[in-house]
Every structure is written in structure tokens, then in C-alpha cells.
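Once you've had a glance at the structure underneath, I'll fire off some questions.
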Amino acid sequence: MKVSIITTCYNREHSIKNTIESVLNQDYDNIEYIIVDSASTDGTMEVVNEYKDRVTTIISEPDTGIYNTINKGIRLATGDLVGVMHSDDIFFSRNVISLVARAFEKNEIDLLYGNGIFINLKTKRVVRNWISGTFHPSKIVRGWLPLHTTVYIKREIVNKYGLYDESFKIAADSEFLLRYMYELNLNIYYLNRYLIRMGMGGASTSLSKTFPKWKEDKRLYEAHGLNPYVALPRKILSKVKQFF
């Protein structure tokens, strides 16, 4: 089973090396690694090109946003499964992809998700502990979604039902998960293991993006026939415990 991992980046010369090595050091030997750079202006591509003989595909060109780059990566992917690894993130352990692939091989699964931790990029201190918990569609109505970068999905499913909605600039990952996990009758599996160490400060974790994200969240819930005034407050409250 081939697993395609997509990393998007822009001006991440200080973190991209750790991300790349985290993927290349996985003990699973059938990984297709795709890096899509948004025409970085710092030394990001110099770092990336140090690994060009070990990375399957590298692209560096202008784009219209992070979800545009993810969609580019998915279109290039040839693996059975597709997952996203951002350029501030690393895998929790060397056997993450082995665990994911084994779960798909042993179970009837269309989409899998797990747990993750958020770390402060400067201090390396754990600031959030995201235990996703078991899946039920009713939880999504109450604002629950798993951590996006722990999600792996069959590529044939994405090809059938569509990519990330690029009209959302911050919350397209939430829209993608809500669409796939709530509206489609997929076989969804919770792998109760830590899969990712995620750096704080991404598009959806930056405090400066909080209010624009809430606005987009409201739009996506309404677009899918859910009440945002129920889902959003519960979504916020459910994340409070991750900080303790």
C-alpha cells in the first residue's frame, strides 16, 4: 500500500528540514513524498533541494493559498492513501505510517484519524494535547472534528468526491472534514495513537486568524445545513481541555 504525504510550505527555512527528515525517517518503505512550495523568498528551497534525490516530487511556484497547494499535491499523488504534513510539523514517532497502513490493511476503512499534540516552536513545550476520541456523526453537529493532519484518506475517495474548497482561506480543512465525515457514508476509523507533533502558529492556530476563522466556520456550517450557533460554541469549549 503506497502512502502519499503532501507537505506545503512558504518561507519555512528554519523548520522544513525537520519536517522532511521526519517523513524520510519513517520505517515504512512505500511512501510517496510530495513537497509543494509557494515560491518561497527565503532559503526554504535550498533546504528542500538538499533532499531532491529522496523526495518524490518537488514544486515551487506561486499559488492562491495553502489549500490551493494542498490540492496541487493531491492531483499529483499516486498513492492508495493521502495525508497532509505541514512544514512546521513532524511525526510523533518513526512508525506512524506503518500504523496507519496496517490499520487500513486490516480493516474496511475509507478515512482514518488519530491524536496529536501541539508544541511551541520556540520552547518545544507541549501546549495542547488533542485526543480526538471515537467517531459519531452527532459529534460533528456539536462542533467536533478530528485534527486535520492526523487524517488519512483513500485517494480514490478524494478523486470521487472532490478536493478542498479554495473559497475558504482558513477553514477549508474543516469544510473538507465536515463534508467527508458528515455528509458521506464512509467507513471511518479512529486510531487511538499519537500521530503528529504540530507547531503552533499555522493558518488555523494563529490568534490573529481567530475571528476570520470563526466567520468562515459559520459559513461552512450553514452551507452544510448545520446550526453554527450550536456547533461553534461547543467546538470552542471542546478545545479548552486540550490546554490542560
> Does Glu108 have any salt bridge (charged side-chain N to carboxylate O under 4.0 Å, His left out) partners at least two apart in sequence or in another chain, and if so, which?
Replying inline: none
> Which pairs with one or both residues in residues 148-158 pass side-chain hydrogen bond (donor to acceptor under 3.5 Å, both in side chains), sequence neighbours excluded?
Replying inline: His148-Tyr164
>> Using the ring-ring contact (aromatic ring centres under 6.0 Å, His included) criterion, which residues pair with Tyr182? Sequence neighbours excluded.
In response: none
> Under the salt bridge (charged side-chain N to carboxylate O under 4.0 Å, His left out) test, which residues partner Glu21, sequence neighbours left out?
Replying inline: Lys17
>> According to ring-ring contact (aromatic ring centres under 6.0 Å, His included), does anything in residues 87-112 pair up with another residue at least two apart or in another chain? List the pairs.
In response: Phe92-Tyr194
>> Taking the ring of Tyr113 and the ring of Trp144, is the distance between their centroids below 6.0 Å?
In response: yes
>> Could you work out, with salt bridge (charged side-chain N to carboxylate O under 4.0 Å, His left out) as the rule, every residue matching Arg197, not counting sequence neighbours?
In response: none
>> Restricting to ring-ring contact (aromatic ring centres under 6.0 Å, His included), what partner residues turn up for Tyr10, sequence neighbours left out?
In response: none
> Which residues pass the ring-ring contact (aromatic ring centres under 6.0 Å, His included) test with Tyr161, sequence neighbours left out?
Replying inline: none
> How would you list, by chain and number, every residue that makes a salt bridge (charged side-chain N to carboxylate O under 4.0 Å, His left out) with Lys2, sequence neighbours excluded?
Replying inline: none
> Taking NZ, NE, NH1 and NH2 as the nitrogens, is one of them in Glu61 or Lys72 under 4.0 Å from a carboxylate oxygen of the other?
Replying inline: yes
>> Going by side-chain contact (heavy atoms from CB on, under 4.5 Å), name the residues that satisfy it together with Glu222, two or more places apart in sequence or in a different chain.
In response: Lys218, Pro228
>> Just to verify, what does Asp29 make a side-chain contact (heavy atoms from CB on, under 4.5 Å) with, not counting sequence neighbours?
In response: none
> Lys52: what forms a side-chain hydrogen bond (donor to acceptor under 3.5 Å, both in side chains) with it, not counting sequence neighbours?
Replying inline: none
